[in-house]
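As the structure lists them, so they are numbered: ligands from 1, and atoms in each ligand from 1.
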Amino acid sequence: MSVLAPSILSADLSRLGEEVAAIEAGGASYVHVDVMDGSFVPNITFGAPLMKSLLGKTALPFDVHLMIVRPELRIADFVTPQTAFVTVHAEACTHLDRVVHQIRELGVGAGVALNPATPLCMAEQLLPELDQLLIMSVNPGFGGQRLIPYTLEKIRRLKALREAGKTNPDLVIGIDGGVDLENIGTVLEAGADLVVAGSAVFGGGTPREKAEAFCRRMR
Ligand code: DX5
Ligand code: ZN
């Protein structure tokens, strides 16, 4: 069974508590926290204080996506009892092995994200130790973009690597960007375990109903 991790990038941040309560009621499994620094990606979003304002307000664990340069300097800020994963970009790390171990030593799941054009081999040596590999299906920095179809092949290959015993057997295969209720079937067929969706959940309408619609497709 796959799980839904709505991205609060597309939520109404003036009512964040209500928005997160809605996705929780709708069956979401994680809150996807998109941290952007305006350097690794063009936009600046928010930091740990905004995420920590949700501590105790929701039971949903945090799936933190650091789209920042030098993530090793900031990882500890996002480690809380409610943090499930901290995911860094391979493209932002000179010493990725060291950063992955830094995350694991802090007691949370270690994730690596790969931009669409970045091949799986950039993370291959770490697959046996990773808790999540997040396949970006859009170029990071913005919500509301269209899914880039060739990225689904990376999901398929990663699933095959896991089946061949080349990864942590509990590796979570994540997909992030451009997923909606029209393409979710194809995304699930490719093998995604954790599906990030921002604008398709929070963009207009009722997040609870949108989350319910996704979860119905993911059972
Ligand atoms: C993009 C972020 C994604 C984005 C997903 O850089 O990492 O999580 O918010 O938003 P949608 O689902 O609208 O593409
Ligand atoms: Zn994200």
Task: Donor-acceptor contact below 3.5 Å, side chain D97 vs main chain V100 - done: no

Task: Least distance between heavy atoms, S7 atom then D34 atom - done: OG-OD2, 2.5 Å

Task: NZ/NE/NH1/NH2 to OD/OE distance under 4.0 Å, R157 and E153 - done: no

Task: Short side-chain to backbone donor-acceptor contact, T87 and H65, under 3.5 Å - done: no

TODO: Flag yes if more than 12 heavy atoms outside R74 fall under 6.0 Å of its CZ atom; otherwise flag no.
DONE: no

Open item on the list: At a cut-off of 2.8 Å, what protein N/O/S atoms sit near the Zn ion (ligand 2)?
Closed with: H32 NE2, D34 OD1, H65 ND1, D176 OD2

TODO: Assess the side chains of E129 and H101: does a donor N or O sit below 3.5 Å from an acceptor N or O?
DONE: yes

TODO: Measure up the Y30 and F85 rings against each other and bin them: parallel (under 30°), tilted (30 to 60°), perpendicular (over 60°).
DONE: tilted

TODO: Would you please write out the protein residues whose heavy atoms approach any atom of ligand 1 to under 4.0 angstrom, listed by chain and number?
DONE: S7, L9, H32, D34, M36, H65, M67, M136, P140, G141, F142, G143, G144, D176, G177, G178, V196, A197, G198, S199

TODO: Please name the pair of heavy atoms, one in P42 and one in G141, separated by the smallest distance, quoted to 0.1 Å.
DONE: CD-CA, 4.4 Å

TODO: Grab the two heavy atoms, one from L171 and one from L130, that are nearest each other, plus how far apart they are.
DONE: CD1-O, 3.5 Å

